[in-house]
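Here is the structure we will look at.
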Amino acid sequence: MYALVDCNNFYASCERLFRPDLQNKPIIVLSNNDGCIIARSGEAKVLGIGMGEPFFKIKALCKQHQVHVFSSNYTFYGDMSQRVMSVIEDSWPNVEIYSIDEAFLDLKSLPASQQEAFCHGLEQKIVRYTGIPVSIGIGPTKTLAKLANHIAKKELKIPVFNIDNQRFWLSRIAIGDVWGIGRQWSKKLSQQGINTAFDLASIELCRLKQLFYVMVQRTALELSGVVCAGLDEFDSRKSIIASKSFGQMQTAYTPIAQAVSSHCARACEKLREQNLLVGHMSVFIQTNRFRLDLPQYNYSIAYKLEYPTDDLRSLTHRAKFCLRQMFRPGFHYQKAGICFTDLISKEQVQMDLFNQPSDEQIKQSEQLMSVWEAINNKYGRHTLRLAAEGRGKSWEMRSELRSPSYTTKWSDLPLVRL
DNA sequence: TCTGGGGTCCTAGGACCC
DNA sequence: TCTGGGGTCCTAGGACCC
């Protein structure tokens with residue numbers, strides 16, 4: 001049996017934590033650049049505010065209903081996520097952290113009769129320790145646990161639900177609400193007369209094989225109770241991306257090069273946090289796809305590194321080289337970014353017969369990068385940075401409604417008056 | 001005026017090999 | 001007129017997730 005713990009309206013719940021005055025008030029959280037809605041409190045959902053909707057389209061509605069609007073504050077949400085996850089990991093040994101607000105538990109070592117009681121206890125513990133409300137779904141496969149969670153939240157509005165002896169629920173769940181079945185496939189499945197989770201669970205596999213990829217077959221099997229995917233407890237990342245839209249469209253080379261350098265530094269931070277080296281990078285730039293009146297240009301250039309590295313200086317140098325190759329004047333650019341792939345663990349580097357850097361080079365680079373990190377950890381991010389990042393950030397994103405970083409910044413600690 | 005960012009997995013098709 | 005069979009590896013693109 002598996003359990004899925006999922007935080008309720010996670011970002012909205014975080015924003016409410018240090019703002020008790022927002023209890024029972026509608027709250028929404030915006031994506032980077034204050035562009036789209038990415039989280040809504042229950043009260044905001046009732047108003048008909050959709051997930052992913054562009055903010056400018058519903059600004060008037062928000063004003064009319066006094067919706068509290070926040071820019072996203074990932075430092076804060078990330079910290080709250082860690083707190084929730086550590087409560088879960090302290091309570092149970094087999095945990096897969098699936099996303100910022102979800103975790104799967106493998107409950108097989110617990111007698112069936114105790115599973116629900118354990119989940120009730122966990123749910124209460126999480127809300128008591130962190131203030132974040134969660135829902136927990138229990139089922140014989142991950143897909144069914146996910147579905148049980150959906151039923152707990154959307155249908156029954158209870159904190160814990162076990163679908164094991166209540167499979168009749170499958171016939172009440174639309175095919176598009178099943179984990180792994182998105183827009184395109186649910187359309188295709190409907191054309192075949194498959195409209196509910198029950199339909200998909202009971203279809204003959206050979207019929208599915210002719211029409212769909214293995215992913216759909218796997219989902220069908222999981223719905224019928226056959227485990228196709230176990231717990232993935234070891235986080236081995238396969239790519240790292242850092243990219244952001246510009247606050248305003250950019251036409252000149254220099255600010256874009258500074259943005260790419262800054263994204264490269266962020267990607268490099270993530271790389272080093274996980275003790276990885278990168279073998280392959282690609283840099284991309286894009287114009288604004290919504291501005292059909294302007295000429296469009298999207299391009300990316302890949303660069304295979306001479307040897308895997310985590311040295312920010314050489315990574316930035318290569319990233320700028322890629323950008324120079326593809327930058328064309330005369331366009332209004334909206335976004336730039338960088339992607340690292342071919343990630344390998346620092347402990348398992350394959351040496352190269354021709355391009356192996358000397359031990360001395362590796363040692364020097366590591367010394368420099370660790371001092372660099374130590375300074376930034378002590379005095380704050382960006383205290384030390386490459387000149388390539390520039391100083392004034394004319395390209396920086398909009399984030400006008402950001403809440404304080406209550407739990408990660410001394411100057412932002414909440415004040416309590418008695 | 002204003003439209004996110006960061007991931008995974010799978011498949012088809014091309015280039016190459018013997 | 002007729003033109004093999006069996007592989008691997010890489011990349012782009014499309015689907016999905018939160």
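Since we're looking at a predicted model, the values are computed, not measured.
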Rounded to the nearest 0.5 Å, how far does CG of A/Leu47 lie from CD of A/Gln66?
->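 Between atom CD of A/Gln66 and atom CG of A/Leu47 there are 11.0 Å.
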
Quick one: label [X] by what it contacts on the DNA or RNA (base, sugar-phosphate, nothing), any heavy atom closer than 4.0 Å.
{"X": "A/Lys188", "result": "nothing"}
{"X": "A/Asp34", "result": "nothing"}
{"X": "A/Lys59", "result": "nothing"}
{"X": "A/Gln334", "result": "sugar-phosphate"}
{"X": "A/Glu102", "result": "sugar-phosphate"}
{"X": "A/Leu30", "result": "nothing"}
{"X": "A/Lys335", "result": "sugar-phosphate"}
{"X": "A/Lys187", "result": "nothing"}
{"X": "A/Ala302", "result": "nothing"}
{"X": "A/Ile241", "result": "sugar-phosphate"}
{"X": "A/Asn33", "result": "nothing"}
{"X": "A/Tyr98", "result": "sugar-phosphate"}

At the 4.0 Å heavy-atom cut-off to chain A, mark where contacts on DNA chain B begin and end, going 5' to 3'.
->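 Contact boundaries, 5' end first: B/dC2 to B/dT11.
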
May I ask you to decide whether A/Arg272 forms a salt bridge with A/Asp310, counting only side-chain N to carboxylate O separations under 4.0 Å?
->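 Yes, this pair counts.
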
Short N-O contact, A/Glu306 and A/Arg318, less than 4.0 angstrom |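 The answer is yes: the pair qualifies as a salt bridge.
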
Could you check whether any side-chain N or O of [X] sits under 3.5 Å from a backbone N or O of [Y], counting only pairs where one atom can act as donor and the other as acceptor?
{"X": "A/Gln115", "Y": "A/Leu110", "value": "yes"}
{"X": "A/Thr196", "Y": "A/Ile175", "value": "no"}
{"X": "A/Asn376", "Y": "A/Arg381", "value": "no"}
{"X": "A/Gln286", "Y": "A/Asn298", "value": "no"}

Listed partners of A/Asp199 passing salt bridge (Lys or Arg N to Asp or Glu O under 4.0 Å), at least two apart |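 By the salt bridge (Lys or Arg N to Asp or Glu O under 4.0 Å) rule, A/Asp199 matches no residue at all.
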
Just wondering, do A/Asp101 and A/Tyr77 contact through their side chains at under 4.5 Å, heavy atoms?
->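 Of all side-chain heavy-atom pairs linking A/Asp101 with A/Tyr77, none is under 4.5 Å.
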
Below 4.5 Å, heavy atoms only, C-beta onward: do A/Tyr11 and A/Phe76 meet side chain to side chain?
->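 No, their side chains stay 4.5 Å or more apart.
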
Inter-nucleotide P distance (B/dT3, C/dC18), Å rounded |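 The answer is 25 Å between these two P atoms.
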
Using heavy atoms to find the nearest nucleotide of DNA chain B for A/Tyr213 and A/Ser245 separately, return the residue whose nucleotide is more 5′.
->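 The 5'-side residue here is A/Ser245.
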
Upstream residue (5' side of DNA chain B) when A/Met249 and A/Ile240 are each assigned their closest nucleotide |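 The residue mapped nearer the 5' terminus is A/Met249.
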
Reading DNA chain C 5' to 3', how would its secondary structure be written in dot-bracket notation, given Watson-Crick and G-U pairs with both distances under 3.5 Å, brackets [ ] for crossing pairs and | for partners on other strands?
-> ....||||||||||||||

